[in-house]
Engineer: 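Next up is a structure, given as structure tokens.
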Amino acid sequence: MRTKSLGDLLADTPWVRSLPNSVRERVMADAYETYHDPKDVVARKGDVAQSWMGVAEGFVKASSVVRSGKVVMFSGLPAGAWFGEGSVIRRTIRQYDIIAMRRSRVLHIPRATFRWLLETNIDFNHFIIDHLNARLAQFMAMTETDRMTDPVVKVARAISGLFDPIIYPGLGPLLQVSQEELGELAGLTRQSANAAVKALQAAGLVRAEYGGLLIMQLDALRNLKEP
DNA sequence: ACATTAAATTCGA
DNA sequence: TCGAATTTAATGT
């Protein structure tokens with residue numbers, strides 16, 4: 001796999017691009033990266049947050065294990081996603097486990113640098129506000145979807161939620177998420193997720209591939225309503 | 001839960 | 001380094 005340098009990756013990141021040169025230099029100097037194999041814990045629930053993180057390559061998830069032992073995935077984080085600002089802003093511990101779902105490369109902006117950006121740069125503040133706002137909307141939609149919709153709509157929302165242009169910019173049309181993972185994301189068993197994928201395929205909205213989905217009609221997935 | 005198929009990895013030349 | 005054999009992962013029912 002061909003890999004870009006840390007500097008190139010940062011230079012291609014939207015919020016970094018909007019920074020003035022002098023500021024960008026410090027960000028580049030302070031940033032570091034980590035690599036993770038599937039199932040690796042990137043950050044553990046309960047740890048003190050040391051950095052704000054971005055997925056450069058791969059796919060990670062934010063999840064929690066509830067008492068029954070069941071895994072609840074709050075959010076799938078594809079390449080391009082930046083996350084964990086909550087714990088960094090509030091100087092508190094992480095609320096979720098961050099786990100790599102496949103081989104992943106994660107960029108880190110140290111807490112001090114992040115806070116300095118927040119305190120000194122207006123453009124960065126705008127970015128963070130938009131980001132938090134988009135995420136809030138996403139979680140509100142998720143709550144709503146959670147209670148009232150049938151499995152096919154749940155899965156459609158889970159998929160389209162991964163393509164939010166503000167939170168996850170620049171994703172290609174093929175989503176490498178297994179049906180098992182899709183089930184975790186949508187709060188369904190793999191079996192129901194499988195049935196839902198079939199239904200979406202029959203409707204021509206996605207194509208099922210081994211280990212992933214080809215997204216055919218993103219808007220239709222977003223707008224899908226209960227039957 | 002089980003059977004089938006795809007992909008990834010190992011192993012022998 | 002090639003391809004067959006084995007193991008692991010994902011899917012369909």
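Proteins come first, then strands; the chains are lettered A, B, ... in the order of their sequence lines, and each starts at number 1. Since the model is a prediction, treat every value here as computed from it, not as a measurement. What you see below is based on every heavy atom in this structure, not just the backbone, and it leaves out hydrogens, waters and symmetry mates.
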Engineer: Pull out every protein N or O sitting under 3.5 Å from an N or O of nucleotides 9-13 of chain C, one pair per line with the distance.
Structural biologist:
unit_1 : atom_1 : unit_2 : atom_2 : d
C/dA9  : N3     : A/Y210 : OH     : 3.0
C/dA10 : O4'    : A/Y210 : OH     : 2.8
C/dA10 : O3'    : A/G211 : N      : 3.4
C/dT11 : OP1    : A/G211 : N      : 3.2
C/dT11 : OP2    : A/Q179 : N      : 2.8
C/dG12 : OP2    : A/Q179 : NE2    : 3.4
C/dG12 : OP2    : A/N194 : ND2    : 2.5
C/dG12 : N7     : A/R190 : NH1    : 3.4
C/dG12 : O6     : A/R190 : NH2    : 2.5
C/dT13 : OP2    : A/K198 : NZ     : 2.7

Engineer: Is the closest side-chain donor-acceptor distance between A/S87 and A/Y96 under 3.5 Å?
Structural biologist: no

Engineer: Please report the shortest heavy-atom distance between A/I109 and A/A31, naming the atom on each side.
Structural biologist: CD1-CB, 3.9 Å

Engineer: Do A/R111 and A/W52 form a cation-pi contact, if we require the NZ or CZ to be under 6.0 Å from the six-membered ring centre and within 45 degrees of the ring's axis?
Structural biologist: no

Engineer: Under a 4.0 Å N-O cut-off, is there an ion pair linking A/K61 with A/E181?
Structural biologist: no

Engineer: Please determine if A/K154 and A/D150 form a salt bridge, counting it only when a charged side-chain N lies under 4.0 Å from a carboxylate O.
Structural biologist: no

